[in-house]
Structure formats: C-alpha cells, structure tokens
There are 2 protein chains.
Amino acid sequence: MDVLSRFESESVDCVITDPPYGTGANTVAGRLASPVSKYRSSGVKSSLPSIAGDSMLPEAWAEMITSIMRHALRVCRSGANALWFCDWRGYPSLMRIAGSVGWGIKGLLIWDKGKGTRPFKNGFRAQTELILWTRKGSLTDRDPPVYLDGVFAHRTPVRIHHMTEKPVALMRELVEICPPGGVVLDPFQGSGTTGVAALQSGRRYIGVECVSEYHGIACRRLEEAAKP
Amino acid sequence: MDVLSRFESESVDCVITDPPYGTGANTVAGRLASPVSKYRSSGVKSSLPSIAGDSMLPEAWAEMITSIMRHALRVCRSGANALWFCDWRGYPSLMRIAGSVGWGIKGLLIWDKGKGTRPFKNGFRAQTELILWTRKGSLTDRDPPVYLDGVFAHRTPVRIHHMTEKPVALMRELVEICPPGGVVLDPFQGSGTTGVAALQSGRRYIGVECVSEYHGIACRRLEEAAKP
DNA sequence: CCTTGCGATGAATCCATAT
DNA sequence: GATATGGATTCATCGCAAG
C-alpha cells in the first residue's frame, strides 16, 4: 500500500495479480501459525519461504484487498483491464469488493490445472482457479482489438520458486489483454512470473512484493527475462 | 414448490438442476417483456416457447431460489449431493443462499462450452457456465467411492428442445455423482435432459416443470430414454 | 539414448482422537 | 460440548536413478 500510494494516477495500463486467498487456515491456531503447512503433505519439510497474508482473519483480508483494489484503480488509466486470481471460496468476496470500489465487473476466466491435481473422494476434483476480470471505465482508442479465450489449460509448474507459482505460458496468455508496450502492474508479485511473461511479450512491468526472499528471486528472474 | 412440498422427506439421492439465472433483463422494461428475445440474435424468429422465471427482479429471484433450495434440502437424504447451474453473476448469490438454508458448500465445477461461443471484442470469451456443488450433511455408507473431474468440455447442442439446453453427454458425466439406482431430482426440468442422462445411466428420475409445452417435450424424451 | 520404475507431491478433505 | 490437531486417503504427474 505504501508503494502504490506513491504512484502517479493513470500511469498503469493493466493489473494482473494473484492476491493471498485468505483461506490458509480453518482454525485460529492455524491462522497464527506458519501458513506453509497447509500446502504440504504430512511430515514433508518445505524449503520454500512462507507467503504473507494467506492466513488472515476474513475481515482483515477483506480490508486489505479493498485497499489494494482502491489503490490499483487510482493508478490505472481509463480503459485499463485488471485480472485477479482467486478460488471458488474467495470469488464472491472479491467480486463484491471490486464492484464496491468502482471497478467494472467484466467476467470470469478459468485456469484449468488439469488432472494432475489431487482427486476428491466421493466428489469432483478441485482442478481450477478462477480469474476475476474487471475494467476501469470504458475502452479508449489506445486499445487495439484483441479476442481472447476464457479458459486456459496449463499444468501447474514444478514449484521451483514459489508455493503458488503459475506457469509462464498461462501468464503470457493473460498479458495479451494489455496493449503492446503498455505497463503491467502486479501488486502481489511473488516470484515474478507475471513480470517474466510481460517482459517476454513486449510489455513494461512494475512489481511489488513484501517478502524479501521473493523480492530477490523476482529480481533475478526479471533481469534474466529482460536480456535481449 | 407445490409439487416438492408433497414429496416425502429424505426420499431423493441427488439434485441436478439448471434454475433460471435471473439475469434475463437489465431494465425494468426488459423484465416485463417476453424473456425469449435475449437468447436470439436480432431479427431472428424463435419457435421455442419462453422460459419462466428468467426475468424476475433480483429479490424475487432470490426468494424463489431460497424456497426451492429449502424444499430440495428437505426431500434429500443425508449425504445427497446437489448440482446447481449458474453463471458468473449469479454464483455468489447462489452460494450464499445454499449455505444459508443449510446445504454444505463443496465446490465449483466448470462447464467449458468451447470456442463455439461468441468472441468478446477487447476481452475474454464468456465460454463457461459454473456448477455449484453442495451436499446435505456427510456421506453415508450408501455411497460407493467415485472420483470425478472438475471441468467438463462439451459443445452446446443445437437448440432443438429448449433455449438453454445442455448436452446429454455433459449431464451423463454429472449424474455419476449419484449412486447407481438412486433417485435424481430436477426441479427445473425444462426439456428433460437431466432425466434422459439419468435413465440412460441406470438412475431413477423425478422432474418438475411449470411450462406445459416443455412438460410435454420432456415426457416424450423420457419415455424414449426409458425404452429397453 | 531411451525405457522403466520408484518415490514424492499437490492453494485438499475427511474423520477419529485429543484438548 | 465445542474446537483443534494429526494421520490417512487418492491418482496423475514429474524427477531421478537404474537398466
């Protein structure tokens, strides 16, 4: 929030980000504990740093997301699109918050992670993540026409950088919504996959991350991606 | 509601249904008009009967859905699963209502209609419908273990019976959540595709429909599907 | 160099036991 | 009696080592 508040208004063309889901823990103890354990099978030790904000109480999470969405709206130019990752639990809140701070709600995209995800006994495999699509105001003539799909099938990558790392190929498809040469902002950068995709696709990029280990990883990856 | 209220409690093993979405009209004038026009390209004449309940005011829609979900919960046995079609606008309301009347919210399934759907200029194609998955209480030993997928790719069929007709192949995949021989209920039957799939897959079936033309169509299709 | 096999893992969920 | 914890479950996939 500190960083975003210092940005100039109307200086960004697109937001693509994966906020913490706020579903990290079912119990108070779990919310206070390290959030890493949820994502591990029992007894397995992780070598990846924890992620921030995934184990917040629901109201704290909502307040944080509200604030970020408000800031993001200010720094975006009119006609800018924003894509927000979420799961099926968080989507209703995210949609309500986005609408209430003034984003136009445009639709819902699907990331299909495929059959590699864990099966669900007596039920349906949770193999998707959702992407809320919003826009600030209406389009300008700065936006060349593009026609993109609504479902993206990509396997989850082997976790080499971050606990919830996205495939670069997925992010490259999403980045297409930003006009070439435009600025993409990711306020929850993590290991910087959004930025790698943006730079590879000829967009400019700004990322923000509060966990210093991930900041370092992202810097290295972005330098690599920016090489000619 | 009249019909459902006469059912015995705990007499149904599974609910699979496609309620009206309540998104039929953005204007009061539109809500008062015939709902059929929304689903047609301009100037094209439809020979299909209108569907009921698609042009309700939001609060009337919510009240109707609440009532149906309450009735459905009563007639379901413990451990019964229910699948409710919706779109990305209606999902938050549907999830909230389901939870508030006592259904356990289990997850979200995706019907991917594919690239045959209309593209979206300067944006992402709206090519999916969502399916809210709920369950009454917890599983019993009457339920044999099944492991099903969470994304279903099937093209929309040519509309021969109903305005929002689903592919039989899609419904056959969903019906697998009901134990073989169990009773599937569809309180918004339409042209009866759920029933056709249920009968073809060795489940029993009860359907309810308030538009008499669709009732007739469904009866014919179900008789056909029930033939040995 | 290609195939085979083994082990480990997953934005998870369930249920019995412990607090 | 309500809440928290921990172990078991499931299979498609990937990495790595051996053949």
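Worth knowing before you read on, the calculation uses all heavy atoms, side chains too, and leaves out hydrogens, waters and symmetry mates. Note on naming: letters A, B, ... go to the chains in the order of the sequence lines (proteins, then strands), and numbering restarts at 1 for each one.
- Rounded to whole Å, the distance from CE on A:Met163 to P on C:dG10 is 8 Å.
- Remark: C1' of D:dA8 and NZ of A:Lys121 are 10 Å apart, rounded to the nearest angstrom.
- Taking atom CG of residue A:Asn122 and atom P of nucleotide C:dC15, one finds them 9 Å apart after rounding to whole Å.
- Checking C:dC15, C:dG10, C:dT13 against the side-chain heavy atoms of B:Lys106 singles out C:dT13 as nearest.
- Closest approach to the A:Trp88 side chain among D:dT10, C:dC15, C:dT13 is made by C:dT13 (side chain taken as heavy atoms from C-beta onward).
- Put simply, A:Arg125 has no side-chain N or O that comes within less than 4.0 Å of OP1 or OP2 on C:dA12.
- Remark: B:Arg203 does not engage B:Asp13 in a salt bridge, criterion side-chain N to carboxylate O under 4.0 Å.
- Residue B:Asp143 contributes atom CG, which lies 13 Å from atom P of C:dC14 at whole-angstrom precision.
- Nucleotide D:dT3 forms a Watson-Crick or G-U wobble pair with C:dA18, both donor-acceptor distances falling under 3.5 Å.
- Closest approach of A:Leu185 to A:Val75, counting heavy atoms only: CD2-CG2, 4.0 Å.
- For the pair B:Leu148 CG and D:dT10 C1', the computed distance is 13 Å after rounding to whole Å.
- Residue order along DNA chain C, read from the 5' end via each residue's closest nucleotide, puts A:Phe85 first among A:Phe85 and B:Ser138.
- Although no hydrogens or angles enter the test, the distance criterion places a donor-acceptor pair under 3.5 Å between the side chain of B:Arg204 and the main chain of B:Gly181.
- Comparing atom distances between the A:Val158 side chain and each of D:dC14, C:dC15, D:dA12 picks out D:dC14 as nearest.
- Within 4.0 Å (heavy atoms only), A:Asp18 reaches at least one base atom of the nucleic acid.
- Contact annotation for A:Pro19: base contact, defined as any heavy-atom pair under 4.0 Å involving a base atom.
- Here the C1' atom of nucleotide C:dA12 and the CD atom of A:Glu129 are 12 Å apart, to the nearest Å.
- Taking atom CG of residue B:Leu139 and atom C1' of nucleotide D:dT9, one finds them 13 Å apart after rounding to whole Å.
- Between B:Tyr147 and A:Arg155, the residue whose closest nucleotide on DNA chain D is further toward the 5' end is B:Tyr147.
- Considering only heavy atoms from C-beta on, B:Trp61 stays 4.5 Å or farther from B:Pro19 through its side chain.
- Taking atom CD on A:Gln127 and atom C1' on D:dT13, their separation rounds to 14 Å, with Å as the unit.
- Counting only distance, with no hydrogens or angles, the side chain of A:Gln127 and the backbone of B:Gly150 share a donor-acceptor pair below 3.5 Å.
- At the phosphate of C:dA8, neither OP1 nor OP2 sits under 4.0 Å from any side-chain N or O atom of A:Arg118.
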